[in-house]
Amino acid sequence: MLPASLHITVGLSQHRPEVVRPAADLMARHDTIFLEEPPTPELERLLAGDLPVDDYVRQIDTEYPEFSRRMARSLKQLHARGKRIIAVEPFLGHLVAIHEGFAAGASPADLQPESERQRVYLAERDATAALLRFYETAVRGSFDQTVA
C-alpha cells in the first residue's frame, strides 16, 4: 500500500526555453525527479558541481541547446536544494549502446535474439524505414499520398 502522502506528477512538455521555469517550479514540489533521458556520467558530474553548465550542454549533443542550458541550471539548483534527480530512459539507453556497438564493428546479427536490445533495434529500424518512405512519398508523390 502506498503512503497517504505520496504525490506523483507526470509532466510532458516541448523542449522550449520558456517551459523550463514552470517545469522547475513544479519539480520543486517533489522530493525525487525522474527525467526521461538516459543516465550519463555528464549529468552526474553536472549535479555534483564538477561540470559547468556550458560544458555539459556541449557534451550532451542536444538539439535544443538553450532549453538544455536552462534546464541544466534548474536541475543543479533543485539538486542543491536536496532534490534527487534520476535519469531513466531505457529505450535511448539501448539505442546508444546499439550505436556504440555498431561503431565498434558489431552488426544486427550480434544482437541477442528476443532481447530488449534487439527489440529496440527492430523498432528503430522499422520507424526509420517508415520515415524514409514518408520522405520519398513527400518528394515524389501527391499531397494526398503524403498525407495518407
Side-chain angles (χ1 to χ4, degrees), residues 1-136 138-139 146-147:
M1 177 176 264
L2 296 174
S5 63
L6 182 67
H7 183 85
I8 298 172
T9 301
V10 176
L12 175 65
S13 71
Q14 297 177 335
H15 291 87
R16 300 183 55 86
E18 61 270 17
V19 170
V20 173
R21 176 55 29 220
D25 291 345
L26 181 61
M27 289 186 279
R29 298 190 300 199
H30 298 278
D31 297 322
T32 304
I33 299 153
F34 291 92
L35 305 175
E36 185 187 9
E37 60 185 61
T40 64
E42 292 83 9
L43 179 62
E44 295 303 318
R45 289 181 53 219
L46 172 80
L47 297 176
D50 297 334
L51 184 64
V53 169
D54 288 334
D55 291 348
Y56 170 76
V57 172
R58 275 192 293 278
Q59 291 182 21
I60 63 169
D61 189 30
T62 179
E63 295 178 24
Y64 311 98
E66 186 56 31
F67 169 85
S68 297
R69 187 173 291 103
R70 291 183 190 189
M71 184 57 74
R73 285 187 191 116
S74 293
L75 292 172
K76 276 186 71 162
Q77 291 169 354
L78 290 164
H79 181 75
R81 291 172 44 197
K83 307 299 181 179
R84 287 183 45 201
I85 312 288
I86 301 172
V88 179
E89 214 310 0
F91 187 91
L92 286 178
H94 284 298
L95 191 58
V96 167
I98 290 166
H99 287 188
E100 289 172 351
F102 289 172
S107 74
D110 295 318
L111 297 171
Q112 183 78 26
E114 304 299 319
S115 66
E116 281 188 50
R117 196 153 290 168
Q118 185 191 48
R119 287 191 295 275
V120 167
Y121 167 77
L122 294 173
E124 191 68 11
R125 181 201 64 188
D126 294 348
T128 300
L131 183 60
L132 292 173
R133 283 192 304 276
F134 168 76
Y135 288 155
E136 180 74 22
V139 170
T146 301
V147 170

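- In this structure, CG on D61 lies 12.0 Å from OG1 on T40, to the nearest 0.5 angstrom.
- The side-chain hydrogen bond (donor to acceptor under 3.5 Å, both in side chains) test applied to S13 returns no partner, not counting sequence neighbours.
- With sequence neighbours left out, the ring-ring contact (aromatic ring centres under 6.0 Å, His included) criterion links Y64 to H15.
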Under 3.5 Å, which donor-acceptor pairs link side chains of residues 97-114 to any protein atom two or more places apart or in another chain?
| unit_1 | atom_1 | unit_2 | atom_2 | d |
| --- | --- | --- | --- | --- |
| S107 | OG | A109 | N | 3.3 |
| D110 | OD2 | S107 | N | 2.8 |

Tell me which donor-acceptor pairs under 3.5 Å the side chains of residues 51-60 have, and how far apart each pair is, sequence neighbours excluded?
| unit_1 | atom_1 | unit_2 | atom_2 | d |
| --- | --- | --- | --- | --- |
| D54 | OD1 | R69 | NE | 2.9 |
| D55 | OD1 | R58 | NH2 | 2.3 |

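- In this structure, CZ in R117 is found 13.5 Å from CG in L122, a value given to the nearest 0.5 Å.
- The ring-ring contact (aromatic ring centres under 6.0 Å, His included) test applied to H30 returns H7, not counting sequence neighbours.
- Distance CG/L75 to CD1/I85: 5.0 Å, rounded to 0.5 Å.
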Is there a side-chain contact (heavy atoms from CB on, under 4.5 Å) between M27 and M71 once you walk through the steps? CA-CA 11 Å; M27 289 186 279; M71 184 57 74; 3.8 Å; yes

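- The number of heavy-atom neighbours closer than 6.0 Å to CZ of R16, taken from other residues, nucleotides and ligands shown, is 12 or below.
- Between atom CG of residue L78 and atom NZ of residue K83 there is a gap of 7.5 Å, rounded to the nearest 0.5 Å.
- Within a 6.0 Å radius of CD in E66, other residues, nucleotides and ligands contribute more than 12 heavy atoms.
- Put simply, OG1 on T9 and CG on L26 are 5.0 Å apart, with the number rounded to the nearest 0.5 Å.
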Derivation and outcome, side-chain contact (heavy atoms from CB on, under 4.5 Å), residues L43 and L35: CA-CA 11 Å; L43 179 62; L35 305 175; 4.1 Å; yes

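- Note: F67 CZ to Q14 CD = 10.0 Å, rounded to the nearest 0.5 Å.
- Judged as a salt bridge (Lys or Arg N to Asp or Glu O under 4.0 Å), and not counting sequence neighbours, the contacts of R21 are D25.
- The shortest side-chain heavy-atom distance between L46 and K76 falls under the 4.5 Å cut-off.
- The number of heavy-atom neighbours closer than 6.0 Å to CG of D126, taken from other residues, nucleotides and ligands shown, is above 12.
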Would E124 and L95 satisfy side-chain contact (heavy atoms from CB on, under 4.5 Å), going step by step from the backbone distance to the final call? CA-CA 8 Å; E124 191 68 11; L95 191 58; 3.7 Å; yes

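- P38 and E89 make their closest contact through N-CB, 3.3 Å (heavy atoms, listed as atom of the first residue, atom of the second, distance).
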